[in-house]
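Worksheet: one structure, shown below.
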Protein chains: 2
Amino acid sequence: MALAVRTQPAKRTESRAKRRRQLINATIRCIARRGLSGTTMGEVARVAGLSQGIVNLHFQSKDNLLTETLRFLSDEYKALFERTLAQSGPGAAEKLLALMQLDLKPSVCDRQKLAVWFAFWGEAKSVPTYQKICDAHDREYDEVMLKLCESIINDGRYKGVNAQQVVDALSSMTDGLWLAALIRPKSWDRHEAFDAVYSYLGAVFPRHYS
Amino acid sequence: MALAVRTQPAKRTESRAKRRRQLINATIRCIARRGLSGTTMGEVARVAGLSQGIVNLHFQSKDNLLTETLRFLSDEYKALFERTLAQSGPGAAEKLLALMQLDLKPSVCDRQKLAVWFAFWGEAKSVPTYQKICDAHDREYDEVMLKLCESIINDGRYKGVNAQQVVDALSSMTDGLWLAALIRPKSWDRHEAFDAVYSYLGAVFPRHYS
DNA sequence: ATAAAATGAATGATCATTCATTCATTTTTC
DNA sequence: GAAAAATGAATGAATGATCATTCATTTTAT
């Protein structure tokens with residue numbers, strides 16, 4: 001990932017939306033590289049190839065830039081999530097599996113992207129806005145997962161299987177696998193991670209996953 | 001959690017070890033409250049009820065203070081882990097369960113403490129020292145878990161159960177449950193978290209957990 | 001008296017924000 | 001169509017606040 005590589009002179013002015021997007025992308029890159037502590041407005045500007053003033057022009061403050069960056073991440077994920085649901089097979093089991101696969105997909109479970117997620121989670125307790133955005137994000141995700149699990153339980157007549165528990169276990173597992181990918185990149189393996197998730201699905205819903 | 005409440009005048013001088021410990025505790029409190037970005041040497045000194053200079057005297061630099069703080073957390077957890085192993089029943093299944101319970105125990109799975117763990121994880125990619133400490137920590141934990149799982153698999157003659165997979169699933173699950181406790185404190189429930197873990201154990205090792 | 005712990009102000013660096021100025025584009029006037 | 005005026009994007013230096021580190025001095029323990 002080369003920072004601030006510019007192969008040709010950029011247009012000096014650009015639409016507001018494009019500029020904001022450019023600055024958010026630069027922010028993501030800076031956070032991924034330097035963490036939240038090391039992310040400065042100066043560095044965001046440098047990575048974006050723009051001036052420091054324009055960051056403030058578009059986002060008013062550093063706090064707002066970071067908040068908007070987190071919102072962007074959340075919205076981006078949401079779009080992927082919805083597309084995954086729309087494009088997967090019609091059954092609840094297929095959709096659930098597709099969502100698990102989404103979380104471990106190279107473009108989502110990418111170490112740069114994970115570093116950014118964890119950077120915001122790391123500040124969630126001290127910055128209530130981040131916590132709210134993350135909470136809302138999780139909640140949406142979980143509701144869909146819950147419906148899918150309930151559907152599978154009904155379909156497969158699984159007794160003693162609690163849908164909420166399965167959702168808690170699955171979503172925790174993927175978050176934890178993300179952490180492992182971040183902390184232990186050398187020993188982490190995408191397929192093994194998927195196998196761990198799949199083996200859970202197989203254990204809980206043997207008639208749907210085996 | 002009252003910061004810097006002093007009910008009586010502290011001794012002006014104190015042993016080196018006690019001072020360092022005091023400063024590390026103050027650091028943990030600051031990180032829990034303000035995050036890593038908001039943790040300053042000035043605030044650590046204030047919370048410890050000491051001068052700014054003494055923080056540098058004992059730790060040389062902010063970076064070193066934070067690194068030592070992470071090491072302290074890791075060592076503290078390790079001591080608890082070993083004590084839990086020593087005090088649990090003799091069987092692998094009992095020990096594994098005890099370790100799962102340790103992770104969800106109020107004194108360990110405490111939102112202040114979690115905030116600090118996540119703060120360091122959030123900077124793991126940008127601060128290689130943090131990553132190394134966390135990686136080593138995880139590795140030790142996982143080795144013990146692996147042996148316990150292998151033992152249970154042998155004892156219960158579980159076919160098609162892969163010990164490494166179970167370890168990956170369990171440790172990810174607890175990390176993810178920690179994240180949920182941090183992001184969603186209002187809806188998070190310790191017993192439900194444990195139930196999710198226990199149901200996984202029951203699904204994978206039905207002859208040992210039910 | 002000496003050595004070590006501890007203080008807290010000074011220091012220089014860094015940072016987020018501001019703002020005077022420049023630049024590019026659009027609109028208006030002729 | 002061309003030139004001038006208006007508008008808004010963009011620049012980057014200035015500014016004041018904040019911060020980590022340093023160090024001269026004070027305090028404490030032996």
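Per chain, numbering begins at 1; letters A, B, ... match sequence-line order.
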Atom [atom1] of [X] and atom [atom2] of [N]: how far apart are they, to the nearest Å?
X       : N      : atom1 : atom2 : result
B/Gln52 : C/dA10 : CD    : P     : 13 Å
B/Gln22 : C/dA6  : CD    : C1'   : 12 Å
A/Leu23 : D/dA10 : CG    : C1'   : 11 Å
B/Glu14 : C/dA5  : CD    : P     : 12 Å
A/Asn56 : D/dT15 : CG    : C1'   : 14 Å
B/Arg46 : C/dG8  : CZ    : C1'   : 16 Å
B/Glu43 : D/dA17 : CD    : P     : 19 Å

[options]: which one has an atom nearest the side-chain heavy atoms of [X]?
X       : options                : answer
A/Arg12 : C/dC15, D/dT21, D/dT11 : D/dT11
B/Met41 : C/dA6, D/dT21, D/dT11  : D/dT21
A/Leu57 : D/dC19, C/dA6, D/dA9   : D/dA9

Nucleic acid contacts - residues 58-72 of chain B versus DNA chain D, non-hydrogen atoms under 4.0 Å: B/Ser61, B/Lys62
Cationic N near anionic O, under 4.0 Å, [X] to [Y]:
X        : Y        : answer
A/Asp189 : A/Arg184 : no
A/Glu68  : A/Arg20  : yes
B/Lys147 : B/Glu150 : no
B/Glu76  : B/Lys113 : yes

B/Arg19 side chain near C/dA6 phosphate (N/O to OP1/OP2, under 4.0 Å): yes
B/Thr13 side-chain N/O to D/dT28 phosphate OP1/OP2 under 4.0 Å: no
Sugar-phosphate only, base, or nothing, as touched by A/Thr39 at under 4.0 Å among non-hydrogen atoms: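 Here A/Thr39 touches the backbone only, sparing every base.
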Criterion side-chain contact (heavy atoms from CB on, under 4.5 Å) on A/Tyr200 and A/Val166, from CA distance to verdict: CA-CA 9 Å; A/Tyr200 176 75; A/Val166 175; 3.8 Å; yes
Short side-chain donor-acceptor distance under 3.5 Å, A/Asn56 and A/Gln60: no
Whether B/Trp178 and B/Trp121 hold their rings parallel, tilted or perpendicular, with breakpoints at 30° and 60°: parallel
B/Gly53 vs A/Ile54, nearer the 5' end of DNA chain D by closest nucleotide: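 The answer here is A/Ile54.
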